[in-house]
Amino acid sequence: MTRSKKDIAYDYLRQRIIACELKPGDYLDEQEVAQALGISRTPVREAVNRLAEEKLLQLMPRKGVIVSQLSVKDAFDMLEARLMIEPEMLRKAFPNLDRTSVVKYRDYVVAKIESDDTTEEVSQDFDFELHMYFAERTGNSCLVDIMKMLMTQNQRVRSVMASIRAERVRDACREHLVILNAILDGDVDAAVEAMRAHQRSALEDFQQHYRSRQAFFM
C-alpha cells in the first residue's frame with residue numbers, strides 16, 4: 001500500500017521530535033522539511049496540524065511552528081495517569097488477549113534480556129506497540145485515543161532519559177516479562193498487579209533522575 005505524502009511527512013517529523021533530533025523549543029521550517037522530503041508544502045502543513053493536535057508541535061500566530069516544550073509537570077501527570085489507567089485497562093483487555101501475540105511479545109523481551117540490549121528504536125518502539133496492543137484489546141476507542149496521547153508523550157520522555165538510564169531499559173524489560181508471563185498463566189490479578197508495579201517503577205525512576213536532563217524540560 002502506497003503511503004500518502006502527508007503520512008510520510010508526519011512519520012518523518014514525529015520520529016525526529018520523539019528522538020529529540022528536533023528539541024523542545026526548536027523552530028520548524030516547513031519549507032525546509034518539504035525540500036528534504038521532495039514534496040510540496042501542503043502535505044507538510046497537514047502533518048504539522050496533526051502533530052499540533054497531538055501536542056508535539058505548537059502553532060504560534062505570526063511566529064511560526066515550534067516543537068512543544070516538555071514540562072516536568074506534564075511528564076509527572078502523564079506517568080501518574082498511566083499508573084491510574086493501565087492496570088484496570090489490562091484487566092478489561094484480558095479476556096481478549098491473543099495468546100500467539102503475547103508469546104511473540106514475551107519471546108522478544110526474553111531475547112532482549114538475554115542479549116543485554118538496551119537500545120531503543122523510535123521507529124520500532126516495542127514499548128509503544130505492547131501498551132497500545134493492550135489498549136486496543138479493550139475494544140474501547142476512547143481508551144485507545146487516551147493511550148495513544150499518553151504513549152506519544154511517554155516516548156519523548158523516554159528518549160530524553162534513555163541515554164543516561166540504560167538500567168531503566170533493563171528494568172522495563174524485566175517488568176514486561178512479569179506482566180506477559182502472568183497473562184500466559186491466565187492470572188489476571190497477577191498481571192494487573194505487575195502492570196501497576198511497572199507503572200509505579202517508571203514514575204519513581206523519573207522522580208529520581210529527571211533533574212539530570214533538566215535542560216530538556218520547562
Side-chain angles (χ1 to χ4, degrees), residues 3-83 85 119-129 131-132 135 142-165 168-169 172 199 202-203 205-218:
R3 295 165 66 217
S4 70
K5 292 177 181 178
K6 178 181 68 176
D7 288 341
I8 291 170
Y10 170 82
D11 290 343
Y12 172 78
L13 287 171
R14 185 179 185 278
Q15 182 167 333
R16 293 191 70 201
I17 293 167
I18 290 171
C20 290
E21 294 171 12
L22 289 170
K23 296 180 175 58
D26 282 356
Y27 278 89
L28 180 71
D29 186 329
E30 294 180 13
Q31 187 59 41
E32 186 177 280
V33 173
Q35 290 174 352
L37 295 176
I39 59 178
S40 71
R41 192 167 174 175
T42 298
V44 174
R45 166 54 60 167
E46 291 172 343
V48 164
N49 288 337
R50 181 176 169 189
L51 290 162
E53 291 175 0
E54 295 177 5
K55 303 187 185 302
L56 293 178
L57 292 175
Q58 187 174 1
L59 308 182
M60 307 288 288
R62 296 183 296 280
K63 292 184 178 179
V65 181
I66 65 170
V67 179
S68 298
Q69 294 283 355
L70 277 171
S71 159
V72 171
K73 183 181 185 306
D74 286 346
F76 276 125
D77 286 351
M78 175 272 294
L79 291 165
E80 184 179 51
R82 291 189 65 194
L83 175 58
I85 292 170
T119 59
E120 293 190 303
E121 295 292 335
V122 173
S123 60
Q124 296 178 323
D125 191 331
F126 171 81
D127 186 79
F128 185 95
E129 180 183 338
H131 288 274
M132 287 307 302
C142 289
L143 271 175
V144 172
D145 289 343
I146 290 168
M147 278 301 299
K148 185 175 181 182
M149 181 270 292
L150 291 173
M151 291 303 298
T152 296
Q153 294 302 328
N154 185 68
Q155 283 181 302
R156 294 185 79 196
V157 173
R158 281 173 45 226
S159 181
V160 169
M161 303 299 291
S163 61
I164 59 158
R165 293 294 297 143
R168 178 60 204 150
V169 177
Q199 300 305 332
L203 177 58
D205 187 84
F206 184 74
Q207 287 174 321
Q208 293 174 24
H209 298 286
Y210 78 89
R211 291 180 182 83
S212 61
R213 282 292 183 268
Q214 191 69 47
F216 286 88
F217 296 97
M218 292 175 62

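Note that these values count all heavy atoms, side chains included, but never hydrogens, waters or copies made by symmetry.
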Calculate, to the nearest 0.5 Å, the distance between atoms [atom1] and [atom2] belonging to [X] and [Y] respectively.
X	Y	atom1	atom2	result
Lys55	Gln153	NZ	CD	8.5 Å
Gln208	Phe206	CD	CZ	12.0 Å
Glu54	Asn49	CD	CG	11.5 Å
Arg50	Lys6	CZ	NZ	7.0 Å
Leu70	Lys23	CG	NZ	12.0 Å
Ile8	Arg3	CD1	CZ	5.0 Å

Report yes if the side chains of [X] and [Y] come closer than 4.5 Å at any heavy-atom pair, otherwise no.
X	Y	value
Asn154	His131	no
Arg82	Met151	yes
Val33	Arg41	no

Side chains of residues 57-66: which donor-acceptor partners sit under 3.5 Å, not counting sequence neighbours?
none

Would you mind telling me which of [options] makes a side chain to side chain contact (heavy atoms under 4.5 Å, CB included) with [X]?
X	options	result
Thr152	Arg156, Lys148, Met149	Lys148
Leu150	Ile85, Leu79, Asp145, Asp77	Ile85
Gln155	Asp127, Leu56, Asp125	Asp125

Give a yes/no verdict on a cation-pi contact between Arg14 and Phe128, requiring under 6.0 Å between NZ or CZ and the six-membered ring centre and an angle within 45° of the axis.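 Arg14 over Phe128 ring: yes.
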
What pair of heavy atoms forms the shortest contact from [X] to [Y], and how long is it?
X	Y	value
Ala9	Pro43	CB-O, 4.1 Å
Tyr10	Ala47	N-CB, 3.5 Å
Gly25	Gln69	CA-NE2, 3.6 Å

